[in-house]
Amino acid sequence: VWPAAGCCELAAAAGAATLSLDLSKAYLAWARDNLQLNGLDPQSHDFVYGAAVDWLGRFVKKKRQFDVVLLDPPSYAVGRKRKTWSVARDLGGLVAQAARLLVPDGLLYVSVNLARLTPARFEQQLRAGLAAAGRTGQIEPWSVSPDLRSGAGDPTYLKAAWIRLS
């Protein structure tokens with residue numbers, strides 16, 4: 001499962017089957033176009049329109065399994081019936097869904113871009129999500145280097161982690 005734009009081309013070029021899931025039809029079209037521009041056949045890859053929280057739940061129920069899942073959720077979203085989703089509040093649940101989809105020794109990448117979500121809280125949400133899925137894993141956190149921030153005291157807005165699940 002890949003974020004729609006940007007990552008699936010690399011995996012597809014290496015011969016991987018990809019599934020791009022996004023709530024934006026424009027980003028899904030962009031992903032298709034990028035595959036084609038890179039000489040890859042978009043017809044041999046899956047594109048799913050919808051909310052990740054809904055589709056990941058469906059994939060869990062269908063016992064779908066993936067080697068790699070990349071999560072790059074928005075900071076906030078409003079879904080059907082005006083239900084809100086917040087990365088600061090709901091990231092752990094999304095991580096749990098993704099962890100349930102991964103094969104043993106699978107890789108989970110999580111990236112968020114919210115300054116008020118501290119690195120400690122980000123890691124806490126990752127660990128809570130793994131625990132809720134009954135999974136364990138080695139978390140390797142990453143962020144933007146201090147020399148790439150906009151100024152002194154600039155908060156760590158970008159947080160990311162690779163997690164190899166056991």
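In what follows, every heavy atom counts, from backbone to side chain, and hydrogens, waters and symmetry copies are set aside. Owing to the predicted nature of the structure, the values given are computational and were not obtained by experimental measurement.
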Pair listing, salt bridge (Lys or Arg N to Asp or Glu O under 4.0 Å) test, anchored in residues 84-93, at least two apart:
none
Kindly give the heavy-atom pair with the smallest separation between Ala12 and His45, and that separation in Å.
CB-CE1, 3.3 Å
Of all the heavy-atom pairs spanning Ala31 and Phe47, show the shortest one and how long it is.
CB-CE2, 3.8 Å
Does atom CD of Gln36 have more than 12 heavy-atom neighbours, drawn from other residues, nucleotides or ligands, at distances under 6.0 Å?
no
So OH of Tyr27 and CG of Leu21: to nearest 0.5 Å the spacing works out to 14.5 Å
Give a yes or no on whether the backbone of Tyr49 and the side-chain of Trp55 come within a donor-acceptor separation of less than 3.5 Å.
yes
Please tell me if the side chains of Gln97 and Val53 come closer than 4.5 Å, counting only heavy atoms from C-beta onward.
yes
Just to verify, what does Arg127 make a salt bridge (Lys or Arg N to Asp or Glu O under 4.0 Å) with, not counting sequence neighbours?
Glu123
Criterion side chain to side chain contact (heavy atoms under 4.5 Å, CB included) against Val112, the qualifying member of Leu71, Asp72, Val87
Val87
Interatomic distance, CG@Leu91 vs CG@Leu117, rounded to 0.5 Å, equals 7.0 Å
Tell me, with the steps shown, if Leu19 and Arg64 meet side chain to side chain contact (heavy atoms under 4.5 Å, CB included).
CA-CA 12 Å; Leu19 185 150; Arg64 293 275 312 260; 3.8 Å; yes
Exercise: identify the closest heavy-atom pair between Leu94 and Ala52
CD1-CB, 4.3 Å
Considering residues at least two apart in sequence or located in another chain, which fulfil the side-chain hydrogen bond (donor to acceptor under 3.5 Å, both in side chains) criterion with Glu140?
none
Considering only residues two or more places apart or on different chains, which pairs with a residue in residues 91-109 satisfy salt bridge (Lys or Arg N to Asp or Glu O under 4.0 Å)?
Asp105-Arg164
With sequence neighbours left out, the residues meeting side-chain hydrogen bond (donor to acceptor under 3.5 Å, both in side chains) with Thr136 are Ser166
When rounded to the nearest 0.5 angstrom, what is the spacing between CG in Leu126 and CD1 in Ile139?
5.0 Å
Just by distance, do the side chain of Arg135 and the backbone of Ala99 share a donor-acceptor pair under 3.5 Å?
yes
Measuring only between side-chain heavy atoms, which start at C-beta, is Ser111 closer than 4.5 Å to Trp142?
no
How many angstroms lie between CG in Leu108 and CH2 in Trp162, if you round to the nearest 0.5 Å?
8.5 Å
Using side chain to side chain contact (heavy atoms under 4.5 Å, CB included), reason through Leu114 and Tyr76 one step at a time and then give a plain yes or no.
CA-CA 10 Å; Leu114 180 64; Tyr76 304 96; 4.1 Å; yes
So does Asn113 get a backbone contact from the side chain of Lys159, meaning a donor-acceptor N/O pair under 3.5 Å?
no
For the pair Tyr109 and Val69, evaluate side chain to side chain contact (heavy atoms under 4.5 Å, CB included) and give the outcome as yes or no after the intermediate values.
CA-CA 6 Å; Tyr109 176 79; Val69 173; over 6 Å; no
Euclidean distance, Asp46 CG relative to Thr18 OG1, rounded to 0.5 Å
7.5 Å
Test of understanding: with side-chain hydrogen bond (donor to acceptor under 3.5 Å, both in side chains), list the residues that count as partners of Ser75, not counting sequence neighbours.
none
Side chain to side chain contact (heavy atoms under 4.5 Å, CB included) for Leu102 and Gln65? Distances and angles first, verdict last.
CA-CA 5 Å; Leu102 284 159; Gln65 294 247 272; 6.0 Å; no
When rounded to the nearest 0.5 angstrom, what distance separates CG in Asn34 from CG in Leu40?
10.0 Å
Is the shortest side-chain heavy-atom distance between Asp41 and Leu35 below 4.5 Å?
no
